[in-house]
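Report on the structure given below.
Owing to the predicted nature of the structure, the values given are computational and were not obtained by experimental measurement.
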Amino acid sequence: PSSCTTLRPDWIAPPPSPPPPSGSITISDKQLYQDSDGWILLLAYNHKAGENIALSPGTVPTSPTTSYSHVWLNDLSLTSSDVDSVRFYCTSSSHSRVMHFSVNNTWIKSAIVTGSASGNSISYWTSGTTKFSDHTANIPDQANAIFSENDLLKFPFYYNDSPNSLLYGIRAYGHRFACDDYPTFNGDKTGYQYNNLFQIWFK
């Protein structure tokens with residue numbers, strides 16, 4: 001009957017859901033950080049010198065500079081076909097260089113689905129990359145080796161010339177945080193003695 005559709009005069013509509021904060025995007029009911037160029041943050045580890053805190057997989061990083069966590073595409077119900085490019089960034093207090101580049105080959109798009117480095121090849125890192133204007137690091141261009149343990153965070157590319165090697169790894173072997181350096185051969189040699197900032201993005 002028509003009376004069922006008549007609003008009571010004292011009825012007040014519920015307030016609309018608040019919009020997500022600027023700089024964010026919602027994917028599979030998860031709110032992720034998105035920068036002004038459309039890059040979506042998958043991983044951010046703000047590592048403090050002297051700390052060796054376990055990584056936090058499955059937790060969405062909400063800030064590119066203060067978070068300490070990461071997710072992969074499968075945590076967001078996404079696949080490699082949802083990816084156009086993948087971006088890597090890192091710094092270390094052991095030097096002033098910045099590693100900042102993107103890559104869009106088929107392999108890297110699949111690698112960020114689960115974080116597996118299975119099928120990795122050094123050519124995926126030394127060719128076809130796009131450097132950002134602040135990139136000054138030696139790697140990935142000078143990389144000449146990969147690690148074979150199928151973990152995208154455990155030295156997926158590096159320059160092998162011990163003791164002058166240049167590594168990229170995020171708590172590899174449970175204690176090695178490296179960005180274009182070789183921390184276990186410098187300073188106190190713990191592997192976690194420098195400040196680091198690591199980021200992985202996709203769009």
Checklist entry - Can L42 and L76 be said to form a side-chain contact (heavy atoms from CB on, under 4.5 Å), step by step? => result CA-CA 10 Å; L42 282 176; L76 308 174; 3.9 Å; yes
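- Atom OG of S85 and atom CG of N105 lie 9.0 Å apart (nearest 0.5 Å).
- Within the model, atoms CG of L78 and NZ of K109 stand 13.5 Å from one another, a figure rounded to the nearest 0.5 Å.
- Hydrophobic clustering (ILVMFWY, side-chain heavy atoms < 4.5 Å, transitive): L41 and L197 are in distinct clusters.
- Taking the six-membered ring for Trp and the full ring otherwise, the centers of W39 and Y89 sit at least 6.0 Å from each other.
- Among all heavy-atom pairs drawn from N144 and N160, the shortest one is OD1-N, 2.7 Å.
- The aromatic rings of F101 and F88 sit parallel to each other, their planes meeting at less than 30°, with 60° as the upper class boundary.
- Side-chain atoms of Q193 come within 3.5 Å of backbone atoms of G191 as a donor-acceptor pair (strictly under, hydrogens ignored).
- Legend: side chain to side chain donor-acceptor pair (under 3.5 Å) pairs involving residues 162-171, not counting sequence neighbours, sorted by first then second residue: N52-R171.
- Using a 30° and 60° split on the angle between ring planes, F177 and H47 fall in the parallel class, below 30°.
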Checklist entry - Run the salt bridge (Lys or Arg N to Asp or Glu O under 4.0 Å) check on R87 and D37 step by step: do they pass? => result CA-CA 12 Å; R87 171 180 157 199; D37 293 321; 5.8 Å; no
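- Under the 4.5 Å side-chain criterion, counting only non-hydrogen atoms from C-beta, T65 is not in contact with N46.
- Considering only heavy atoms from C-beta on, I108 comes within 4.5 Å of L152 through its side chain.
- Residues T62 and S67 come closest through the heavy atom pair N-OG, 3.0 Å.
- No donor-acceptor pair under 3.5 Å is formed between the side chain of H100 and the backbone N or O of H135.
- For Y194, there are no ring-ring contact (aromatic ring centres under 6.0 Å, His included) partners, not counting sequence neighbours.
- Considering all non-hydrogen atoms of both residues, W125 and P140 come closest at O-CB, 3.3 Å.
- Residues L43 and I170 meet the side-chain proximity criterion, which asks for heavy atoms closer than 4.5 Å.
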Item to check | Candidate pair S102 and F132, rule side-chain contact (heavy atoms from CB on, under 4.5 Å), full reasoning | outcome: CA-CA 8 Å; S102 65; F132 288 79; 3.9 Å; yes
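- Side chains of V83 and V113 form no contact here, defined as non-hydrogen atoms less than 4.5 Å apart.
- Once rounded to the nearest 0.5 Å, the distance linking CG of L166 with CG of D180 reads 5.0 Å.
- Using a 4.5 Å heavy-atom threshold, the side chains of N138 and H95 count as separate.
- Under the ring-ring contact (aromatic ring centres under 6.0 Å, His included) criterion, Y192 pairs with no residue at all, not counting sequence neighbours.
- One hydrophobic cluster holds both L153 and Y124 under the rule that ILVMFWY side chains link at heavy-atom gaps under 4.5 Å.
- With respect to the salt-bridge test (charged N to carboxylate O, under 4.0 angstrom), the residues D75 and K30 do not qualify.
- The shortest heavy-atom contact between I139 and M99 is O-CG, 3.5 Å.
- Between K203 and W201 the shortest side-chain heavy-atom distance does not fall below 4.5 Å.
- Once rounded to the nearest 0.5 Å, the distance linking CD of Q31 with OG1 of T26 reads 5.0 Å.
- The two residues S77 and S28 come nearest to each other via the heavy atoms CB-OG, 3.4 Å.
- Taken to the nearest 0.5 Å, the OH atom of Y68 stands 5.5 Å off from the CG atom of L55.
- Following chains of ILVMFWY side-chain contacts shorter than 4.5 Å, one cannot reach V98 starting from F157, and the two form parts of different hydrophobic clusters.
- The two residues S92 and N196 make their nearest non-hydrogen contact at CB-ND2, 3.5 Å.
- Distance check, rounded to the nearest 0.5 Å: CD1 of I40 to CD1 of I200 gives 14.5 Å.
- Two residues are said to be in side-chain contact when any heavy atoms from C-beta on lie closer than 4.5 Å; K131 and D141 meet this criterion.
- Considering only heavy atoms from C-beta on, R176 comes within 4.5 Å of Y182 through its side chain.
- Remark: the S81 side chain and the T79 side chain contain an N/O donor-acceptor pair separated by less than 3.5 Å.
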